[in-house]
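Atoms within a ligand are numbered from 1 in the order they appear, just like the ligands themselves. Keep in mind that this is a model prediction, so the values were computed, not measured.
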Amino acid sequence: MREKLPVLDSTYYVVQQSKHVTINKEAARQMLLKGDVNSAWHPDLHIVEPDWIFVLDALNFCFWEDPGHPKWSVEYNGEEYSGYWALAASLKRAYEEGVPLTNAEFLTTISSKTVEKIFRGKQTIPLFQYRVNHLRELGEVLLEKYDGTFVNVLQQARQSAVALVNEVVKNFPSFNDVAVYEEQTVYFYKRAQLLVSDLYGAFEGEGYGDFYDLDELTIFADYKLPQVLRHYRVLEYDDYLSNLVDQYVRFAPGSPEEVEIRAATVQAVEMMRQSLTNGQRTIPAFKLDWWLWTLGQDDTVREKPYHRVRSPFY
Ligand SMILES: Nc1nc2c(c(CN[C@H]3C=C[C@H](O)[C@@H]3O)cn2[C@@H]2O[C@H](COP(=O)(O)O)[C@@H](O)[C@H]2O)c(=O)[nH]1
């Protein structure tokens, strides 16, 4: 019996009780009919090195600003990047400048000054102190338990995506993306799951990217996928929630509103997967994720804002 993640069951529970978010199955079916779900992984701006990718996904969260506030952006090779791409570009720039990002010893005592230099650009990257703390946590745990390299975390997982997610969330608290909803623990594990798909993408399914159970992953519950699914009316927010989201009101991390949005995102894509499987080859959730996330990079789906939570988990 293959090991499974607790993400699907726990998010299913939320969707059953959900007060403010509903999933529109027909809209989900329509979206799939129009979609070209075979989007590829974007190789540009990435260093194909396991410890670098681990650092990338330890920092892969919360790039948004409130309306009217300019976003953090960096310049790399004459191009300006913001959001996720600014993170990838700044870490690639640092790596090329010789900052020893993949040296666990260095990470344990990395200074704020050094982190400022890594992310230098216009404005400041949000949740700056969390970025420093996550890097130091990676260094400490890698040194203490894995002889200083993420490669040994990968060895522990023995090519199981589920085992790797569990190993990471258990030993690196900054990846332990869970919430409590009506006394039940709800597991999202967004950056830990995204890490596995990034390894798969970067290594093209070979070597460090070779996992036998990738179809056990769910989508990665960030803030862009709900925005895309809401645009296509796959997710429907009631008036109470729509008003708050559309006025850029911030929700507290772990609030019922946030958990309902994230859980419905996971379950909506699971529904898409099921509808795809009748008669067609099953497609792993992470491939639908890449498709939806790439759609989210396009302005057409942004007429309504995504929900705002200042969270270091996504
Ligand atoms: N669900 C999901 N969330 C993802 C990604 C990625 C980047 N992966 C791509 C990169 C190379 C490969 O081609 C991967 O496809 C970033 N994010 C999240 O989005 C948010 C940033 O958005 P914006 O502010 O607009 O940059 C933030 O929460 C960030 O953590 C993904 O793939 N799936």
_Out of all atoms in ligand 1, which are within 4.0 Å of some heavy atom of K224? Include the element for each._
19 (O), 20 (C), 22 (O), 25 (O)
*Would you mind checking if E75 and K122 are paired as a salt bridge, meaning a charged N to carboxylate O distance below 4.0 Å?*
no
*Those residues that, when tested against K304, pass side-chain hydrogen bond (donor to acceptor under 3.5 Å, both in side chains) (two or more places apart)*: none
*Using only heavy-atom distances, determine whether the side chains of N133 and Q129 contain a donor-acceptor pair under 3.5 Å.*
yes
*asked:* Once you restrict to heavy atoms under 4.0 Å, what part of L225 touches ligand 1? Side chain, backbone, both or neither.
replied: side chain
*Should the ring pair Y130 and F61 be called parallel, tilted or perpendicular, given that the plane angle runs from 0 to 90° and is split at 30 and 60?*
perpendicular
*asked:* Please list the nearest protein heavy atom to atom 33 (N) of ligand 1 with its residue and the distance rounded to 0.1 Å.
replied: D289 OD1, 2.6 Å
*So which protein heavy atom does atom 3 (N) of ligand 1 come closest to, and at what separation?*
D222 OD2, 3.2 Å
*For atom 17 (N) of ligand 1, which candidate among W72, W293, Y84 holds the nearest heavy atom?*
W293
*If you round to the nearest 0.5 Å, how far is CG of L87 from CZ of F63?*
4.0 Å
*Give the atoms of ligand 1, by number and element, whose distance to some non-hydrogen atom of G83 is under 4.0 Å.*
26 (O)
_Quick test: of every protein heavy atom, which one is nearest to atom 28 (O) of ligand 1, and how far off is it to 0.1 Å?_
Y314 O, 2.7 Å
*Should one rank Y306, Y223, W291 by closest heavy-atom distance to atom 24 (O) of ligand 1, which comes out on top?*
Y223
*For D238, enumerate each residue passing the side-chain hydrogen bond (donor to acceptor under 3.5 Å, both in side chains) test, keeping only those at least two apart in sequence or located in another chain.*
H20
*asked:* Treating S10 as the side-chain partner and Y187 as the backbone partner, does any N or O pair qualify as donor plus acceptor under 3.5 Å?
replied: yes
*So which heavy atom in the protein is nearest atom 29 (C) of ligand 1, and how far is it from that ligand atom?*
N60 OD1, 3.1 Å
_Test of understanding: given a 4.0 Å heavy-atom threshold, classify the contact between L292 and ligand 1 as side chain, backbone, both, or neither._
neither
*asked:* Within ligand 1, which atoms have a heavy atom of Q297 less than 4.0 Å away?
replied: 25 (O)
_Ring-face cation of R93 near Y76 (centre distance under 6.0 Å, axis angle within 45°)_ = no
*Could you tell me whether a side-chain N or O of E258 sits under 3.5 Å from a main-chain N or O of G254, the two making a donor and an acceptor?*
yes
*Which of the numbered atoms in ligand 1 are below 4.0 angstrom from a heavy atom of W41?*
11 (C), 12 (C), 13 (O), 14 (C)
_Which residue and atom name correspond to the protein heavy atom nearest atom 30 (O) of ligand 1, and how close is it?_
K190 NZ, 2.4 Å
*Which of the ligand 1 atoms, numbered from 1, are nearer than 4.0 Å to a heavy atom of W290*: 15 (O), 32 (O)
